[in-house]
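Okay, structure first, notes after.
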2 protein chains.
Amino acid sequence: MEKSIPDIVVGRLPRYLRALEYMLRKGIKTTSSQELGDSIGISAAQIRKDLSQFGEFGKQGTGYSVRFLVDQLQSILHVNQPWDLVLVGVGDLGTALATYQGFVNRGFRIVLAFDNDPAKTGKIIGDVTILGMDDIEVKVAESGAKIAMLTVPASAAQEVAESLIKGGIRAILNYAPMQLSLPADIHVEYIDPITKLQHMTYYLD
Amino acid sequence: MEKSIPDIVVGRLPRYLRALEYMLRKGIKTTSSQELGDSIGISAAQIRKDLSQFGEFGKQGTGYSVRFLVDQLQSILHVNQPWDLVLVGVGDLGTALATYQGFVNRGFRIVLAFDNDPAKTGKIIGDVTILGMDDIEVKVAESGAKIAMLTVPASAAQEVAESLIKGGIRAILNYAPMQLSLPADIHVEYIDPITKLQHMTYYLD
DNA sequence: TAGATTGTTAATCGATTAACAATC
DNA sequence: TAGATTGTTAATCGATTAACAATC
């Protein structure tokens, strides 16, 4: 069996990719683990170690081709292909996400949006028409989407997440301030400004 | 010198607090490290170890008083007092944050909002009037706020962050998809859906 | 070539878990 | 009391860093 990559390493790859894409736009052709590390506050040794989990991407003496490493990281992270997203909950935050151009630029496209408010269904947000929550499983399954963004109230998050999984969703970006209890093979990431603020206030007087 | 608490431990405390506040609302009077751990997917041993960094909050045989532990954690995290926030960037995301009730409920109050678009200045968002970016340092300093939320484009984030710090800001919740380079005594937390999505796509086919 | 930088190994450091005496 | 659960120590596990031979 292949050795599995630590999740903490995987979590750093998008940060490497972002910094490298920035270099690419700036026209920087090659970089070193030292330079890349300096730009994102990670040690050169750690970057080399992380990358070595996936292969050999550099050249002794000269470092890494930015373009090549971007391509490799995109491939490793499976973002060398477009991904369809489902958005559930079209409140202020859901609306902001639906109209955010950053997703499309990185290959993430919202293909379905749901809200349980009848006043919202039928309206167009971003590129899609808001649908009611009826038959959400079926509609998600038909779309084939594997990733959902959840921007519903905490009280609804668990139930909605379970419906999404029945519809074939395998990864959830959860904006609801609520720990989801889901099967181990479902990938969940949390975005929660309150816990981040409370983390920082610890260090303030 | 007092031993310092690992940042990774501090980062878990808001999650403990959230789960405990939920129990409090449910009317649950006491809990155990086991029960609390099960609810958020953390081992009982780790919860006891983390809490032991700050004192002794439980009783052998019976566990923890939920109310007491909530009070203690709020005090440890300094969220037993209100905090003023500055919001910079009133686009879709900034608007969503300005109107989000979750902040006020947890003691975080937006007292200033800035945007560089003249069409927006003077408008009211949430409880505050949108101001232009002129003299942002002075206005922030006058407010006395120590925490800012940054929802400006990546290209502006570094410069704005530096102005905020000159105005006395000591902690920044950065929504701009951009690594900030700031003095070590400034606390920065990042919220970035793209990197979270890219983390998850690694595990998808 | 000489200098620079990789990929990798070994050493260090830090975090998590297991175990259990203390005790409510 | 008997059972449950804490706080803490020691053991384990995993992640980071330092160092350097290989080599571009």
Side-chain angles (χ1 to χ4, degrees), chain A residues 1-17 19-20 23 28-73 76 184 199 202, chain B residues 1-17 19-20 23 28-73 76 184 199 202:
Chain A
M1 177 179 160
E2 231 178 271
K3 71 177 184 326
S4 95
I5 312 288
D7 185 65
I8 196 164
V9 172
V10 177
R12 280 191 291 262
L13 300 186
R15 296 174 58 195
Y16 300 166
L17 178 56
L20 288 160
M23 290 180 185
I28 298 169
K29 294 272 191 287
T30 63
T31 189
S32 64
S33 57
Q34 185 68 51
E35 184 182 56
L36 178 56
D38 287 347
S39 77
I40 52 178
I42 288 180
S43 78
Q46 178 152 88
I47 287 174
R48 293 202 303 278
K49 188 111 214 289
D50 285 353
L51 294 177
S52 76
Q53 304 262 12
F54 302 94
E56 305 189 359
F57 305 117
K59 278 197 183 57
Q60 286 100 325
T62 57
Y64 303 89
S65 157
V66 173
R67 157 58 54 71
F68 178 72
L69 195 47
V70 163
D71 285 348
Q72 293 296 309
L73 285 172
I76 290 166
H199 186 161
Y202 172 81
Chain B
M1 178 179 159
E2 231 176 272
K3 70 175 184 331
S4 96
I5 311 289
D7 185 64
I8 196 165
V9 172
V10 176
R12 281 191 291 262
L13 300 186
R15 296 174 57 195
Y16 300 166
L17 178 56
L20 288 159
M23 290 179 185
I28 297 169
K29 294 270 191 289
T30 62
T31 189
S32 64
S33 56
Q34 184 69 51
E35 183 181 55
L36 178 57
D38 288 347
S39 77
I40 52 178
I42 289 181
S43 77
Q46 179 152 87
I47 286 174
R48 293 202 301 280
K49 189 108 215 289
D50 285 354
L51 294 178
S52 76
Q53 305 262 13
F54 302 94
E56 305 190 359
F57 305 117
K59 280 195 180 57
Q60 286 101 326
T62 57
Y64 303 91
S65 156
V66 173
R67 157 56 54 73
F68 179 72
L69 195 47
V70 163
D71 285 348
Q72 292 297 309
L73 286 173
I76 290 165
H199 186 162
Y202 172 82

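Quick note: numbers below take in every heavy atom, side chains included, and nothing from hydrogens, waters or symmetry partners. Within every chain, numbering begins at 1; the chains are lettered A, B, ... in the order of the sequence lines, protein sequences first and strands thereafter. Everything numeric in this text was worked out from a predicted model, so none of it was measured.
Distance CD1 (A:I5) to C1' (D:dG14): 14 Å, rounded to an integer number of Å. Look at CG on A:D7: it is 13 Å from C1' on D:dG14, rounded to the nearest Å. Counting to the nearest Å, the P atom of D:dT17 and the CG atom of A:D50 are 10 Å from each other. In this structure, the CD atom of B:E35 is 15 Å from the P atom of D:dA4, given to the nearest Å. Computed from coordinates, the B:Q46 CD to D:dT6 C1' distance equals 16 Å when rounded to whole Å. In this entry the distance linking CD1 of B:I42 with P of C:dA18 reads 15 Å, nearest Å. The separation between B:Q34 atom CD and C:dT17 atom C1' is 13 Å, rounded to whole Å. Between the C1' atom of C:dT8 and the CZ atom of A:F54 lies a distance of 16 Å, rounded to the nearest Å.
To the nearest 0.5 Å, atom CG of residue B:D71 and atom CG of residue B:L20 are 10.5 Å apart. The structure places CD of B:E35 at 6.0 Å from CD1 of B:I28, a figure rounded to the nearest 0.5 Å. One distance of note links OH of B:Y16 with CD of B:Q46; it measures 5.0 Å at 0.5 Å rounding.
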With pairs defined as Watson-Crick or G-U wobble and both distances under 3.5 angstrom, please note down DNA chain D as a dot-bracket string, | for pairing with another strand.
..||||||||||||||||||||||
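Nearest approach of B:L69 to B:L51, heavy atoms of both residues: CD2-CD1, 4.1 Å. The two atoms that bring B:R48 and B:Y64 nearest to each other are CG-OH, 3.7 Å, heavy atoms only. For the pair A:H199 and B:P14, the tightest heavy-atom approach, listed with the atom from each and the gap, is N-CG, 3.9 Å. Of all heavy-atom pairs between A:A19 and A:L36, the closest is CB-CD1, 3.7 Å.
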What nitrogen or oxygen pairs link the protein and nucleotides 21-24 of chain D at under 3.5 Å?
residue: D:dT23; atom: O4'; partner: A:Q60; partner atom: NE2; Å: 3.4
residue: D:dC24; atom: O4'; partner: A:Q60; partner atom: O; Å: 3.3
residue: D:dC24; atom: O2; partner: A:Q60; partner atom: O; Å: 3.2

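In terms of phosphate contacts, B:R48 brings no side-chain nitrogen or oxygen within less than 4.0 Å of OP1 or OP2 of C:dA19. Note on A:S33: a side-chain N or O is less than 4.0 Å away from OP1 or OP2 of C:dT6. Here A:Y64 reaches the OP1 or OP2 of C:dG7: one of its side-chain N or O atoms lies under 4.0 Å away.
Remark: the backbone N or O of B:D50 is not paired with any side-chain donor or acceptor of B:R12 at under 3.5 angstrom.
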Intermediate values then yes/no, side chain to side chain donor-acceptor pair (under 3.5 Å), B:Q34 and B:D38:
CA-CA 6 Å; B:Q34 184 69 51; B:D38 288 347; 3.2 Å; yes
